[in-house]
Number of protein chains: 2
Amino acid sequence: MISGKFAISIHILTLLAKFPDEYLSSEFIASSINLNPVLVRKEIANLKKNQIVMSKEGKNGGTKLNISPSKVTLKQIFESTFEEISLGFSKNEPNPKCPVGKEINQNLSALYTTLNDSVMKQLEATTLEEFANKF
Amino acid sequence: MISGKFAISIHILTLLAKFPDEYLSSEFIASSINLNPVLVRKEIANLKKNQIVMSKEGKNGGTKLNISPSKVTLKQIFESTFEEISLGFSKNEPNPKCPVGKEINQNLSALYTTLNDSVMKQLEATTLEEFANKF
DNA sequence: AAATTTGTAACATAATTTATTACAGTATGA
DNA sequence: TCATACTGTAATAAATTATGTTACAAATTT
């Protein structure tokens with residue numbers, strides 16, 4: 001199972017890119033995603049940490065982009081979710097007395113780093129603007 | 001969260017590659033992974049569907065490789081787990097009345113297919129033999 | 001001052017992953 | 001042939017993670 005955080009974040013940002021000069025409320029966004037507004041606000045909190053969006057509290061408040069959609073890459077969006085490309089690890093500590101168990105996680109990590117790097121390169125090659133233009 | 005199936009499968013296969021001519025029991029394998037033997041047998045069942053391993057029931061039974069480690073790629077191993085590279089989707093159906101909601105999943109799928117292809121190419125470039133030689 | 005919105009915590013529910021138990025079936029070999 | 005030691009698989013339980021809900025303080029607008 002993989003969480004929907006990236007999908008949610010990119011959905012939010014696509015909406016913001018489509019309404020560049022408006023503060024969109026978490027409720028409006030939530031109704032497009034079909035998601036609880038609190039979860040929208042939580043993802044927005046992550047995007048704010050990366051200065052991708054800004055929000056305004058109070059009446060008529062909401063969220064808007066803090067940077068041009070042509071300057072945000074999918075990589076930055078992915079990174080804001082704190083997720084990682086990985087094919088997973090076994091849950092328990094493998095047996096350190098076994099030559100394979102002892103090193104399996106380290107060898108898997110090395111592999112995953114390679115995969116991650118290449119996926120990040122691809123995500124970096126697409127901007128939010130380009131993504132939003134598909135709609 | 002991503003399941004540990006790939007990690008488990010590759011751990012199993014690395015052990016089998018290290019003991020090329022022996023039938024290893026699920027209990028022996030499980031003690032290296034630190035995992036319940038039933039789960040090991042379940043993953044082995046998947047590997048068998050892809051003819052990567054074979055097993056023998058009964059006393060002194062167990063599992064061994066059914067193909068040279070130089071002929072198995074990490075891609076085949078990954079595929080045996082029925083998992084997929086994806087950055088996820090939001091759980092609920094997005095709003096079909098919203099221009100963004102209507103197409104988001106289709107646009108995400110297209111992106112994920114691209115990523116998947118490139119990851120698969122990388123996994124295809126490494127054999128089990130090469131992976132096992134790191135230990 | 002009333003209304004509306006964000007921010008966040010605390011808690012509840014749902015879904016998925018991992019673990020356990022149980023046991024029938026199969027092969028080995030003493 | 002019979003005890004032993006495996007696999008295969010189903011059924012169920014426990015643990016973990018993801019998603020959803022409620023509640024409310026704080027901020028801002030009108």
Side-chain angles (χ1 to χ4, degrees), chain A residues 1-9 11-12 15-16 19 22-31 33-49 52-66 80-84 86-94, chain B residues 1-9 11-12 15-16 19 22-49 52-66 81-84 86-94:
Chain A
M1 190 193 172
I2 191 165
S3 93
K5 288 184 177 188
F6 176 72
I8 291 165
S9 289
H11 192 145
I12 293 169
L15 286 169
L16 297 180
F19 297 91
E22 294 178 45
Y23 284 93
L24 302 185
S25 74
S26 61
E27 186 149 9
F28 174 84
I29 295 170
S31 87
I33 306 180
N34 188 13
L35 189 74
N36 193 289
V38 174
L39 299 180
V40 171
R41 297 205 286 274
K42 276 184 186 166
E43 277 314 295
I44 285 174
N46 289 335
L47 294 167
K48 276 166 62 177
K49 283 181 194 151
I52 297 171
V53 302
M54 56 182 294
S55 30
K56 198 172 68 170
E57 294 186 31
K59 193 170 177 179
N60 297 330
T63 302
K64 71 183 192 63
L65 286 175
N66 189 37
S80 81
T81 66
F82 304 104
E83 302 208 288
E84 266 203 351
S86 153
L87 309 187
F89 295 90
S90 185
K91 188 188 135 206
N92 303 323
E93 276 298 303
Chain B
M1 187 196 171
I2 192 165
S3 93
K5 288 185 178 187
F6 176 72
I8 291 164
S9 288
H11 192 145
I12 293 168
L15 286 169
L16 297 180
F19 297 91
E22 293 179 46
Y23 283 93
L24 302 185
S25 75
S26 62
E27 186 149 10
F28 175 83
I29 295 170
S31 87
S32 170
I33 306 179
N34 188 12
L35 188 73
N36 194 289
V38 174
L39 299 179
V40 171
R41 298 205 286 274
K42 276 186 183 164
E43 276 315 294
I44 284 174
N46 289 335
L47 293 167
K48 276 167 61 178
K49 283 182 193 151
I52 297 171
V53 303
M54 56 181 295
S55 29
K56 196 171 65 169
E57 295 186 29
K59 191 169 179 181
N60 298 329
T63 301
K64 71 182 192 64
L65 285 175
N66 190 37
T81 66
F82 305 103
E83 303 208 288
E84 266 202 351
S86 154
L87 309 187
F89 294 91
S90 185
K91 189 187 134 205
N92 303 323
E93 275 298 305

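Computed over heavy atoms, backbone and side chain alike; hydrogens, waters and symmetry mates excluded. Quick note on labels: first sequence line is chain A, next is B, and so on, each numbered from 1.
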Response to the item:
Lys64(B) atom NZ is separated from dA27(C) atom P, nearest whole Å, by 16 Å
Worksheet item: DNA chain D: Glu57(A) or Glu27(B), which has the more 5' nearest nucleotide?
Response: Glu27(B)
Worksheet item: What pair of heavy atoms forms the shortest contact from Ser80(A) to Ser9(A), and how long is it?
Response: OG-OG, 4.4 Å
Item to complete: Could you pull out the closest heavy-atom pair between Ser90(A) and Ile33(B), with the gap in Å?
Response: OG-CG2, 3.6 Å
Discussion item. Distance check needed: dT18(C) P versus Asn46(B) CG, whole Å only.
Written reply: 13 Å
Worksheet item: Given atom CD1 of Ile29(B) and atom P of dG8(D), what is their separation to the nearest angstrom?
Response: 11 Å
Discussion item. Measure NZ/Lys5(B) against P/dT16(C) and give the value in whole Å, please.
Written reply: 12 Å
Worksheet item: Roughly how many Å is it from CD in Glu83(B) to C1' in dT18(C), rounded to a whole number?
Response: 13 Å
Discussion item. Between Phe89(A) and Ile44(A), which residue's closest nucleotide on DNA chain C lies nearer the 5′ terminus?
Written reply: Ile44(A)
Practice prompt. Select base, sugar-phosphate, or nothing to describe what Lys56(B) touches, counting heavy atoms under 4.0 Å on all strands.
Written response: sugar-phosphate
Worksheet item: Just checking Asn60(A): base, sugar-phosphate only, or nothing, at a heavy-atom cut-off of under 4.0 Å?
Response: sugar-phosphate
Show the atom names and distances, to 0.1 Å, of all donor-acceptor pairs under 3.5 Å that link a side chain in residues 54-65 of chain A to residues at least two apart or in another chain.
from	atom 1	to	atom 2	distance (Å)
Ser55(A)	OG	Lys48(A)	NZ	3.2

Please produce a list of atom pairs where a protein N or O lies less than 3.5 Å from an N or O of nucleotides 9-17 of chain D.
from	atom 1	to	atom 2	distance (Å)
dT9(D)	O4	Arg41(B)	NH2	3.3

Discussion item. Under 4.0 Å, counting only non-hydrogen atoms across every strand here, what does Ser26(B) touch: a base, just sugar-phosphate, or nothing?
Written reply: sugar-phosphate
Worksheet item: Nearest to the side chain of Asn92(B) - dT5(C), dT7(D), dG20(D)?
Response: dG20(D)
Discussion item. Using the side chain to side chain contact (heavy atoms under 4.5 Å, CB included) criterion, which residues pair with Glu83(B)? Sequence neighbours excluded.
Written reply: Ser3(B), Lys5(B), Phe78(B), Thr81(B)
Practice prompt. Measure the distance from CZ on Phe82(B) to P on dT17(C) and round it to the nearest whole Å.
Written response: 14 Å
Worksheet item: Do Phe28(A) and Glu22(A) touch side chain to side chain, with heavy atoms closer than 4.5 Å?
Response: no
Worksheet item: Is the shortest heavy-atom distance from the side chain of His11(B) to the side chain of Pro94(A) under 4.5 Å?
Response: yes
Worksheet item: From dT20(C), dT17(C), dG8(D), pick the nucleotide closest to the side chain of Ser3(B)?
Response: dT17(C)
Item to complete: Could you check how far CE of Met54(B) sits from P of dT7(D), rounded to whole Å?
Response: 13 Å
Discussion item. Without decimals, in angstroms, what is the distance between Asn36(B) CG and dA19(C) P?
Written reply: 7 Å
Worksheet item: Is a side-chain N or O of Asn34(A) found less than 3.5 angstrom from the main chain of Asn92(B), in a donor-acceptor match?
Response: no
